[in-house]
Amino acid sequence: MKLLTSLFAGLLFGLGMALSGMMDPARVTGFLDLAGAWDPSLAFVMGGALAVFMPGYFLLVKPRRLSLLGEPMVRVPAPVLDRRLIGGAALFGIGWGLVGICPGPALSLISSGQPMILLFIGAMAAGILLVDKVWNRVLEKARQHRIA
């Protein structure tokens, strides 16, 4: 049942991205181009999403201890504002601004078959593996040297 729920949520997300036009990189870069031909449509999509999400979250999700499938609701601690978080957010924002695509729409755009989307997803996967396999090991070694 968890797999079907995840599949439904992903399909709903992809459908929302397609219907709102947010899979179009030109629309996203138009939103980020404050000095040029600014396109406010992304702000309206985000505002509409928050208007639907927030009441449902505060009334239906936050008070619950168990999900609808009976799983415990995991509370995520507030992030610590450190160099890694700020650097990662900056890197994400720079990439989003340059290309106009972030991971969600990129996965939705796989069906387009465009070589640039496949290149983007390959680079995204390589970056995830690089951080997971290399960068985290470097940080762990640095922590061990501080302890020793």
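One-based numbering along the sequence shown.
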Quick check: closest heavy atoms across [X] and [Y], and the distance to 0.1 Å?
X: Ile110; Y: Ile117; value: N-CG2, 4.1 Å
X: Pro63; Y: Leu60; value: CD-C, 4.0 Å
X: Trp96; Y: Val28; value: NE1-CG1, 3.3 Å
X: Ser20; Y: Val45; value: CB-CG2, 3.8 Å

Side-chain heavy atoms under 4.5 angstrom apart, residues restricted to Ile, Leu, Val, Met, Phe, Trp, Tyr: same cluster for [X] and [Y]?
X: Met124; Y: Phe13; answer: yes
X: Leu15; Y: Met22; answer: no
X: Met46; Y: Leu34; answer: yes
X: Leu3; Y: Leu107; answer: no

Are [X] and [Y] side-chain neighbours, meaning at least one heavy-atom pair lies under 4.5 Å?
X: Lys2; Y: Leu69; result: yes
X: Val61; Y: Met73; result: yes
X: Pro105; Y: Phe120; result: no
X: Leu42; Y: Arg27; result: no

More than 12 heavy atoms of other residues, nucleotides or ligands under 6.0 Å from CZ of Arg64: yes or no? yes
Just how far is it from atom [atom1] of [X] to atom [atom2] of [Y], taken to the nearest 0.5 Å?
X: Met116; Y: Ile121; atom1: CE; atom2: CD1; result: 12.0 Å
X: Leu12; Y: Leu7; atom1: CG; atom2: CG; result: 11.0 Å
X: Thr29; Y: Asp24; atom1: OG1; atom2: CG; result: 8.0 Å
X: Met1; Y: Phe8; atom1: CE; atom2: CZ; result: 11.0 Å
X: Met23; Y: Cys102; atom1: CE; atom2: SG; result: 11.5 Å
X: Asp39; Y: Phe44; atom1: CG; atom2: CZ; result: 9.5 Å

Do side-chain atoms of Trp38 reach the backbone of Phe31 as a donor and acceptor pair under 3.5 angstrom? yes
